[in-house]
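Remarks on the structure that follows.
Convention: sequence-line order gives letters A, B, ...; per-chain numbering from 1.
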Number of protein chains: 2
Amino acid sequence: MRLKELALHLGLSQTTVSRALNGYPEVNEETRQRVLDAARRYDYRPNASARRLATGRAGAIGIVLPTDRNMLLDPHYIEFQAGLGERLMKDEIDIVLSPSKAGDEMATYRRMAISSRVDAVILSSPTVDDPRIALLTELGLPFVVHGRTNSPLDYAWLDIDNEGAFRHAAKHLLDLGHRRIGLINGETRHNFALERDRGFRRALAAHGVEVDEDLVAEGIMSDETGYRITARFLAQRPRPTALLVSSMMMSLGALRAIRSAGLELGRDISMIAHDDVIPFLNPDAMVPTMSTTRSSIRAAGTRVAELLMEIIVDGRSPASIHELWPVDLVVRASTGPVPRD
Amino acid sequence: MRLKELALHLGLSQTTVSRALNGYPEVNEETRQRVLDAARRYDYRPNASARRLATGRAGAIGIVLPTDRNMLLDPHYIEFQAGLGERLMKDEIDIVLSPSKAGDEMATYRRMAISSRVDAVILSSPTVDDPRIALLTELGLPFVVHGRTNSPLDYAWLDIDNEGAFRHAAKHLLDLGHRRIGLINGETRHNFALERDRGFRRALAAHGVEVDEDLVAEGIMSDETGYRITARFLAQRPRPTALLVSSMMMSLGALRAIRSAGLELGRDISMIAHDDVIPFLNPDAMVPTMSTTRSSIRAAGTRVAELLMEIIVDGRSPASIHELWPVDLVVRASTGPVPRD
DNA sequence: GGGAGCATTCAAAGCGCTTTCAATCTCGCG
DNA sequence: CGCGAGATTGAAAGCGCTTTGAATGCTCCC
């Protein structure tokens with residue numbers, strides 16, 4: 001069923017039918033009802049491509065999907081996507097994933113922009129000096145960054161307070177008497193990891209505790225990395241008495257290493273992990289329950305979608321969008337006072 | 001830059017430029033070069049919507065993204081997506097995610113089809129009697145199922161041999177002398193879980209071992225579920241001496257429960273888990289290394305994309321597409337002979 | 001010399017929608 | 001009764017591409 005046919009059936013012009021369907025005010029209420037009824041009866045849907053061509057709006061937002069491992073192995077990503085979807089659904093906006101080889105992402109963004117496949121894009125976990133910011137700005141394709149970089153440009157972003165989160169977490173451990181605290185971080189080429197590193201160091205500095213660089217490590221946020229780094233940390237003497245871990249996934253590996261070393265979490269060693277609130281990694285379900293810095297990545301997705309809509313639909317200026325979300329410190333059973341030996 | 005302008009610059013008609021760009025044979029080789037050069041120089045890209053409208057092909061394949069938890073919590077999904085992307089990239093085909101509320105998926109498929117937003121869709125982890133098969137068949141929207149159902153309709157699918165995988169795994173354990181074997185499965189409303197259950201039972205039956213229903217359980221494939229079920233199993237007397245687990249994620253929880261019970265994996269109790277080959281869950285990196293039934297979900301994604309392209313582009317008949325992939329049994333350190341007590 | 005046959009190119013007609021601009025009709029008021 | 005304003009509808013012009021059908025030159029052969 002095409003608009004033309006529908007109009008024919010109704011004995012109306014395409015113009016009127018189109019207007020009725022799209023909620024324009026200048027159509028008679030009775031006519032509108034007739035049109036809506038007919039549309040429903042015939043299960044009419046405007047052709048997406050035609051509408052896009054006519055309006056110039058794509059009705060979709062884009063995400064460039066790097067197909068190499070490094071970025072994707074992140075199980076958090078899917079939660080974020082779900083959050084996005086939750087909001088975008090309301091306006092029938094699609095998410096377009098554009099697969100791209102590792103080095104080729106810039107070209108993919110360019111392609112998305114120039115062929116106007118999408119109305120805006122989302123940038124996730126930017127690196128410290130992310131070149132995509134400049135590119136997109138230049139291309140004039142609206143975007144919202146989930147995270148921040150130190151780009152001098154003014155762009156829309158939503159981020160959680162990674163620095164504050166790890167500062168508070170470290171302070172909490174220091175207050176419990178811990179002095180040898182290890183940091184198991186994500187890769188510091190990503191800005192969030194750098195922020196966490198910063199927060200960690202600030203807290204220690206504020207307490208007059210010197211950072212032992214042998215107790216600071218980073219890697220992709222996997223179970224395996226968590227295990228390896230923790231095992232290495234635990235081999236040191238004196239042993240660290242507490243760990244700050246950048247993801248729940250890593251904390252799983254860390255926990256294995258702790259057990260392998262014959263230690264008990266929450267008594268012999270304390271741990272605080274960052275929790276993105278992913279359903280299959282529930283800190284309350286762990287044994288012992290895990291103390292965390294918590295911020296829902298799904299909620300962030302929803303909000304990013306909301307912001308995107310404001311930019312696209314309401315024409316809100318991206319430069320005015322800066323949201324820094326505070327992060328909760330949730331104390332559970334994995335943290336305790338420093339053990340006396 | 002539009003086609004029209006490009007043509008003007010070149011002193012050619014749109015027709016010729018379009019043909020040159022799209023590789024039609026009837027254009028002079030020298031002319032084609034000129035056109036391609038100019039296109040590159042001006043960074044020309046055809047407008048996606050216009051092309052779609054003109055050709056009637058969307059240049060995208062769709063995935064309905066349920067935004068409720070149950071389905072998405074699956075970290076496997078993202079690997080599959082990456083696999084898809086790997087292949088689709090070659091032809092500049094997009095993946096369109098259409099967010100949808102839990103009960104509303106059928107409507108979303110319908111919408112995708114009728115508004116011809118996509119050329120085909122992918123169905124993942126179908127339930128035993130998945131209504132989507134009938135719907136899509138009726139809508140005439142091409143699709144490939146990753147998995148199978150017992151629909152009477154003839155549709156394109158690619159699946160791994162879940163039944164065989166768990167049959168072999170169980171047989172291996174039986175051969176090692178195990179008789180009390182627990183099954184920790186995914187939800188049996190999904191067909192893959194049902195198949196695994198079936199394989200498990202067949203192996204036991206073939207050995208004349210009766211299934212203890214108290215040692216068969218299912219749930220969403222999370223760390224937490226693995227922990228809970230295993231803890232319950234281990235409380236029984238006599239204790240199971242081996243476990244068959246439906247995902248690596250679950251096996252992490254199972255391992256925690258085993259350790260909490262003071263048992264040693266690979267000596268006191270054996271375990272085989274299904275491994276979808278997800279980078280952040282590496283069985284070789286576990287301690288002890290994990291015996292698995294292995295099949296790369298990413299490779300499946302790539303192949304599904306390939307099949308989709310064959311259907312869309314080459315017009316291959318979906319009914320002829322049935323691929324059942326064998327599953328490797330990889331024996332590592334988590335399996336051993338039944339312990340003598 | 002005159003076509004046949006081929007290689008190239010082009011003008012114009014869509015694809016299915018939205019939107020501008022114009023037309024028609026109705027009604028209230030002086 | 002005539003007219004302007006307001007309400008409602010329509011014809012037609014795009015949006016930027018692909019593709020059909022026709023035109024133009026050329027070469028080649030009898």
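- The structure places CG of B:Leu12 at 6.5 Å from OG1 of B:Thr31, a figure rounded to the nearest 0.5 Å.
- Checking B:Asn47 against A:Arg52 by side-chain atom types alone, no donor-acceptor pair falls below 3.5 Å.
- A donor-acceptor pair shorter than 3.5 Å can be found between the side chains of A:Ser115 and A:Arg117.
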Please list, one pair per line, the donor and acceptor atoms closer than 3.5 Å that link side chains of residues 4-11 of chain B to other protein atoms, with sequence neighbours excluded.
residue, atom, partner, partner atom, Å
B:Glu5, OE2, B:Arg2, N, 3.1
B:His9, ND1, B:Tyr42, OH, 3.4

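- A donor-acceptor contact closer than 3.5 angstrom is absent between the side chains of B:Asn191 and B:Thr149.
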Sugar-phosphate or base contact per nucleotide [nucleotides 5-11 of chain C; S, B, -; heavy atom under 4.0 Å]: ---SBBB
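- You can see that DNA chain D meets the heavy atoms of chain B within a 4.0 Å-exclusive cut from D:dG16 to D:dG21, reading 5' to 3'.
- Between B:Tyr155 and B:Phe143, the two ring planes are parallel [angle under 30°; tilted spans 30° to 60°].
- Counted by atom type alone, B:Asp159 and B:His322 present zero donor-acceptor pairs between their side chains at under 3.5 Å.
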